[in-house]
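All values below were derived from every heavy atom in this structure, side-chain atoms included, with hydrogens, water molecules and symmetry-related copies excluded.
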Amino acid sequence: MTQQLNTQVFAYAKQFADSAFKAQSVALKALEQVTELQLKAFEQQARGAADFVAQAAEVRDLEALRGLWEKGANLSRDHAEQAAAVGRDIIAVSQKTAESLGALAQAQQQAANDAVAAPAAGKKAAAK
C-alpha cells in the first residue's frame, strides 16, 4: 500500500515538474519576444532622435528652425505610433502565452484527474 502511494506521489511530482518546466519555457520564450520587440523599437527611436539632434545642430536661421519644428512634430508622432504598435504586438504575445499556459494547466489537471481515477477504477473492478 505504501509502495503504491509512493509510486503515485512520485509520478504526480514528476508530471508536475515536467509541466512547470514547460511553463517556464513558454514564459521565457514570451519574455524573449517582448524584449526583442522593445529593443527594435528603442533602436529605431534612438536612431530617429540622433538624426533629429544632428539636424538641430545644423540650424542657423529661422527658416531652418521652422523646418526642424515640423520634423520634430513628425518624429514625435512616429514614435507614438510605433509605441502603440509595439504595445499591440506585446499584447498579442501575452495572449498567446496565456493561452499556452492555460493549455498546459488543463493538461496537468486532466492528467491528475486520470491518475486519481485509474486506481479507483482498479479497486472497483477488483471488488466485483
[X] side, atom [atom1]; [Y] side, atom [atom2] - distance, nearest 0.5 Å:
X   : Y    : atom1 : atom2 : result
Q38 : E43  : CD    : CD    : 12.5 Å
Q95 : S100 : CD    : OG    : 12.0 Å
Q45 : S76  : CD    : OG    : 10.0 Å
N74 : E70  : CG    : CD    : 7.5 Å
T97 : I90  : OG1   : CD1   : 11.5 Å
L75 : Q55  : CG    : CD    : 9.0 Å

- Message: In this structure, would L62 and L68 fall into the same cluster of hydrophobic residues linked by side-chain contacts under 4.5 Å?
- Response: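 Yes; tracing contacts between hydrophobic side chains, which count when under 4.5 Å, links both residues.
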- Message: Membership question, hydrophobic clusters at under 4.5 Å side-chain separation (ILVMFWY): are L65 and F52 in the same one?
- Response: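 Linked, F52 and L65 end up in one cluster.
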- Query: Do K14 and D18 pass the salt bridge (charged side-chain N to carboxylate O under 4.0 Å, His left out) test, and can you show the C-alpha distance, the side-chain angles, and the key distance before you say yes or no?
  - Reply: CA-CA 6 Å; K14 182 181 180 305; D18 289 343; 3.3 Å; yes
- Query: Does the salt bridge (charged side-chain N to carboxylate O under 4.0 Å, His left out) test come out yes or no for K40 and E36, once each step is laid out?
  - Reply: CA-CA 6 Å; K40 283 182 182 179; E36 184 178 327; 3.4 Å; yes
- Message: Restricting to non-hydrogen atoms, name the atom on L37 and the atom on V93 that form the minimum distance, rounded to 0.1 Å.
- Response: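 Between these two residues, the closest heavy atoms are CD1-CG2, 4.3 Å.
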- Message: Contact between Q106 and Q110 at the side-chain level, heavy atoms closer than 4.5 Å - yes or no?
- Response: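 Heavy-atom side-chain distance check fails, nothing below 4.5 Å.
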With a 3.5 Å cut-off and sequence neighbours excluded, list the donor-acceptor pairs that the side chains of residues 19-32 form with protein atoms.
residue: S19; atom: OG; partner: Q15; partner atom: O; Å: 3.2
residue: S19; atom: OG; partner: Q108; partner atom: OE1; Å: 2.6

